[in-house]
Participant: 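First the structure, then my questions, so here it is.
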Amino acid sequence: VSATLLFALAGRRRQLDGSGLLLVGIALGCLLTAGGFLIALNAHPSTYKYATAWLAGSLGRASWDYVWLLLPGWWLLTLAVAAIARRLDVLLFDDETVTGLGGRPDRWRRQGLCASAALGAVCIGVGGNFAFLGFIAPHLARRATGRALVSLWTVGVTGALLLLGADAFGQIVLRPGEVPAGIVIAIIGAPCFVFTLFRRKVIR
């Protein structure tokens, strides 16, 4: 639903502009997060505890049952994303170059966004709200390998290690208190996000 709203608001001119997607996505994210908290506040106490843990991105309730629940959808959608990954790599060039090579940049971009939005929805729906994890992992994978193009599996492993590291940091380093992994990742990811926006001159 959020992806559909994003396309409707940011792609009104049938052109998916990167900065437009980012800004509209941030606004929608804030709106939907507020809606999630509103629902949680009016829920049963046990449901409220579970919902706040999900919104904060906590691994406290993680178990193999969630892994088996996630596995079929994750596997199918990962294959779908992998099938179009090479096309998305070509989009590192400008749209005129891609079109000159016989590509369809706007169509490929929509396919990639739809597939990644579905994959993200499945993972977040089961695992929790780990803000900025999908944003940081690709950049860290590129830094670690020294390559502009990295495989989906490399990004996935990087994201998993980052999540486990954030969870360990929140539990061990910040004792006797405990901070959910999602909040730790957000604290790290927000400055990186702003820095990237400035670097790409999305905001000035």
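What you see below is based on every heavy atom in this structure, not just the backbone, and it leaves out hydrogens, waters and symmetry mates.
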Participant: Taking the side chain as every heavy atom from C-beta outward, state whether F130 and L163 have any pair of such atoms under 4.5 Å apart.
Facilitator: yes

Participant: Kindly indicate, with the supporting measurements, whether the criterion side chain to side chain contact (heavy atoms under 4.5 Å, CB included) is fulfilled by V98 and W108.
Facilitator: CA-CA 10 Å; V98 176; W108 291 356; 4.1 Å; yes

Participant: Could you state the interatomic distance from CG (L152) to OG1 (T78), rounded to the nearest 0.5 Å?
Facilitator: 8.0 Å

Participant: Could you tell me whether the side chain of V150 reaches within less than 4.5 Å of the side chain of P138, counting heavy atoms only?
Facilitator: no

Participant: Kindly compute the distance separating CD1 (I84) from CG (L79), expressed to the nearest 0.5 Å.
Facilitator: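 Rounded to the nearest 0.5 Å, the CD1-CG separation comes out at 12.0 Å.
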
Participant: Can you find a heavy atom in the side chain of R87 that is under 4.5 Å from one in the side chain of Q111?
Facilitator: yes

Participant: Restricting to pairs with a member in residues 158-172, which pass side-chain hydrogen bond (donor to acceptor under 3.5 Å, both in side chains), not counting sequence neighbours?
Facilitator: D167-Q171

Participant: Return yes if some donor-acceptor pair links the side-chain N/O of T47 with the main-chain N/O of A43 below 3.5 Å, else return no.
Facilitator: no

Participant: With clusters defined by side-chain heavy atoms of hydrophobic residues (ILVMFWY) lying less than 4.5 Å apart, directly or transitively, does V173 cluster with I188?
Facilitator: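 Linked, I188 and V173 end up in one cluster.
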
Participant: Would I183 and L55 show up in the same hydrophobic cluster when neighbours are defined by side-chain heavy atoms closer than 4.5 Å?
Facilitator: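 No; tracing contacts between hydrophobic side chains, which count when under 4.5 Å, never links both residues.
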
Participant: Under the ring pair (Phe, Tyr, Trp, His ring centres under 6.0 Å) definition, can you give me all pairs with a residue in residues 22-66, not counting sequence neighbours?
Facilitator: W64-W68

Participant: Please examine the side chains of W74 and V126, heavy atoms only from C-beta on, and report whether any two atoms are closer than 4.5 Å.
Facilitator: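 Contact flag for V126/W74 side chains = no.
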
Participant: Look up atom OG in S58 and atom CG in N129, then write down how far apart they are to the nearest 0.5 Å.
Facilitator: 12.0 Å

Participant: Show the nearest heavy-atom pair for residues G73 and V122, with the distance to one decimal.
Facilitator: C-CG1, 4.5 Å

Participant: Heavy atoms only: give me the nearest V155-A137 pair and the separation to one decimal.
Facilitator: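 Answer, listing the atom of V155 first, then A137: O-CB, 3.9 Å.
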
Participant: Identify the heavy atoms of L133 and G159 that sit nearest to each other, and give their distance.
Facilitator: CD1-O, 3.6 Å

Participant: So, taking the atom named CG in L38 and the one named CG in L32, what distance separates them when rounded to the nearest 0.5 Å?
Facilitator: 12.0 Å

Participant: What about W75 and L70, same hydrophobic cluster or not, with Ile/Leu/Val/Met/Phe/Trp/Tyr joined at side-chain heavy-atom distances under 4.5 Å?
Facilitator: yes

Participant: Can you tell me how far CG of N42 sits from CD1 of I39, rounded to the nearest 0.5 angstrom?
Facilitator: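 Reported value, rounded in 0.5 Å steps: 9.0 Å.
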
Participant: A56 and P180: which non-hydrogen atoms are nearest, and at how many Å?
Facilitator: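 Heavy atoms only, the tightest pair is O-CB, 3.7 Å.
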
Participant: If you take all heavy atoms of A181 and A166, which pair is closest and at what distance?
Facilitator: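 Looking at all heavy atoms of both residues, the closest pair is O-CB, 3.9 Å.
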
Participant: Roughly how far apart are C114 SG and L77 CG, rounded to 0.5 Å?
Facilitator: 11.5 Å

Participant: Can L119 and C123 be said to form a side chain to side chain contact (heavy atoms under 4.5 Å, CB included), step by step?
Facilitator: CA-CA 6 Å; L119 181 59; C123 294; 4.2 Å; yes

Participant: Minimum heavy-atom separation for G29 and T33, please, with both atom names.
Facilitator: O-OG1, 2.8 Å

Participant: For residues W153 and V67: do they belong to one hydrophobic cluster (side chain heavy atoms under 4.5 Å, members Ile, Leu, Val, Met, Phe, Trp, Tyr)?
Facilitator: yes

Participant: Do F135 and L161 land in one hydrophobic cluster if side-chain heavy atoms of ILVMFWY residues count as linked below 4.5 Å?
Facilitator: no

